[in-house]
Every structure is written in structure tokens, then in C-alpha cells.
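So you know, we letter chains A, B, ... as the sequences are listed, proteins then strands, and number each from 1.
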Amino acid sequence: MASLEQSLEFLMNRHVAAMDQLHDYRHTNHVLWRLLQVDVRRRNRRLYVRNRTTGSRADEQELVARSQASLKTLNEECFKRLVSEFESFFFEVLRAWLSRDPAQIEERQVEVRLIAACSTLEEVRVALASSTLESIKYKRLAEWFGFLAKVLRYAPLPDSRVEELAEIKARRDVIEHNGGVVNEIYLRKAGTKARFAAGDAASVTEADFEVAFAAVRQAVIDIGNSAKVRARAEGL
Amino acid sequence: MEDSQTRERIVVHDEGTAGPYLMVPVSQLKGVVDLLEKSRIVFWVDQDAISVDGEPEISVVNFGRGVDPKGIQRLLDNAA
């Protein structure tokens, strides 16, 4: 069985690779839409496409008319996927750690059927770890990092970077759950790092995506490396 | 303002639900940016410039949804 350090290394590398692929995906699609705009607007390219499934048709003017809105959607969707990637990594690190170090699992009541469904002690530990993590998922990001620091006995990121990530996550939540319109929930979650006022459209420009990408990618690396060092130190 | 490659006016495109944008050869980008900044118009420039078939690289300048595309067009048309 792989050591916890090896498991954490694998998780970190897998998520960094996934984020790099996401960056390539966004960039490539951005370039392709721009290529269409340049080709039609400046080089008089003519096109005609027909969707055989729906029967809809579009010429080059109609395709170009969709381009700027499509780029906006591209940035937003990739931004959302970036945050999802971070959340998956964060909880996978905690799950891997808690499965090896069940002493950190919170004292709480669990349903008997959760334990009854397990056939090995390992499965019980994983089930209890998952149950603990479910209770944290709906709390603020600062509380996620508070729990991580308690588990690792070390805080991998300073507060300022956690606050930056909190704004990114809050913006994603607004785009996903409130039609992109900034509300009080965003302002509360983003705190001093809030970039918009209530009622604003929470936009994601190309530059916004790049800033978020750099922050999230580095956070994954720093959390992964910190967790590996702690796992080695704890002999897990 | 004339596009140095097409020899036609630089056009502000405004379609769909996203904000307007314009395309300009990279060689003219600074002039356009200076004009927009002087007029305090909020904009951002794509990171990439695109060249097709060896033609001059083209930059895209983007504007937010609240910006008046006709106002920007007048600004460009009146500029040298």
C-alpha cells in the first residue's frame, strides 16, 4: 500500500495536470473564436454550417455574432471548473489524511447504518472521514482551512491567500447559483477582497481567469507539499 | 481612425449579449489604447494577437456590457 506521502503526491500531480489541461482548453478555444472573427471580419471568409440533429443553420455572420458571448461563457465555465478542481483536491487530501489518521476525525454521532455498511476497519475509517468532511463542505472557506490546519497541525497558506481564494469561490458561487448577479452572500464570503458591489454582474475576463488560475494552482501545490512534509514528519 | 491593413475605418462590433469589441493591427494598438485611456473608457486587451497566413498580427480590444459602442465608434472616427 502506498504511503500517505505518496498518495498526496499523486493527488497533487493529478490535479495540477488537470488544471493545466483546463488552461490549455480555455486558451485554445479562445484562439479559435478569435480566428473566426478575424477570418470573417477582415478576410471576408464565408461559411455555412448546418446542425443535422436540430436542423438549425448559420452563416458566417451568425457565427461571428455568437462569438463574443461564447467567449464570455467559455471564461465563466472554465472559472467554475477551476474552482471545482480545487475543491475536489482539498477534500481528497483531507479524506486521504483522515483515513490514515482517524484520531483527527471529529467526535460526532453517526448513523449505525453507515458503519453497518462497511466490511473492514479501513472502510469504516473512510466512511467516518467522509461523514466528517460532509459537515465541513457547507461552511466558509476560512473554516475549511481552519480544519485543514488542525488536521495537519500546520497552516499551509497565510490568511491573505485564503481570503483571495474565498473571493474566487464566492464569485463562482454567484455565477453558478445567482445568475452572475452579486448579492450579500458574495459580499459576506469575499470580505475585504470583494471586487464587486451588490447588484453588479460578476464578470470573469481573460485576465480574471489567469489571476484565479495562478492563485488556485499555487494553492494546490503549496497545500500538497505541506501535507506531504507533515505526513512524513508524523510517520503516516 | 483607419485600419492600416484593411484601409477601412476601425469598426466597433456589438452583437449578442456580451460587450462590444474591436480588432486592430498590433502596430496601431498603442494609439487606440492611448485614445481610450484619455477618454476614460474601461477596456481590456486580449493576451494573444493573431496572425493568419503571415498577415500582420491583430489584437482584440474588449469593452464591458455598460459601454456605449456608438460613442466609442465616434471617438475612433474623429481621431486622426
Please name all residues satisfying ring pair (Phe, Tyr, Trp, His ring centres under 6.0 Å) with A:F89, sequence neighbours left out, ordered by chain then number. A:H15

Quick check: under 4.5 Å, non-hydrogen atoms only, which of residues 47-61 of chain B neighbour chain A? B:Q47, B:D48, B:I50, B:V52, B:D53, B:E55, B:I58, B:V60

So how far is it from A:R41 CZ to B:D3 CG, rounded to the nearest 0.5 Å? 13.5 Å

By salt bridge (charged side-chain N to carboxylate O under 4.0 Å, His left out), A:R188 pairs with (sequence neighbours left out) none

Taken to the nearest 0.5 Å, the spacing of A:R43 CZ from B:Q5 CD works out to 8.5 Å

I'd like to know whether NZ of A:K137 has more than 12 heavy-atom contacts from other residues, nucleotides or ligands below 6.0 angstrom. yes

Side chain, backbone, both or neither: which part of A:S203 has a heavy atom under 4.5 Å from chain B? neither

Contacting region of A:L71 [heavy-atom separation from chain B under 4.5 Å]: neither

Select one option (side chain, backbone, both, neither) describing which atoms of A:E210 are under 4.5 Å from chain B's heavy atoms. side chain

Check B:M23 against A:R42 and note the closest heavy-atom contact, atom names and distance. O-NH1, 3.8 Å

Okay, A:A65 and chain B: the region with an atom under 4.5 Å from a heavy atom over there is both

Has A:R45 got more than 12 heavy atoms of other residues, nucleotides or ligands less than 6.0 Å from its CZ? no

Contacts of B:R40 meeting side-chain contact (heavy atoms from CB on, under 4.5 Å) (sequence neighbours excluded), chain-then-number -> none

First locate atom CZ of B:F43, then atom OG1 of A:T205, and finally report the distance between them rounded to the nearest 0.5 Å. 13.0 Å

Shortest non-hydrogen contact from A:H30 to B:D46? NE2-OD2, 2.8 Å

Tell me, do B:N62 and A:Q68 make a side-chain contact under 4.5 Å, heavy atoms counted? yes

With a sphere of 6.0 Å drawn around CZ of A:R153, does it hold more than 12 non-hydrogen atoms of other residues, nucleotides or ligands? yes

Around atom OH of A:Y138, are there more than 12 heavy atoms of other residues, nucleotides or ligands at under 6.0 Å? no

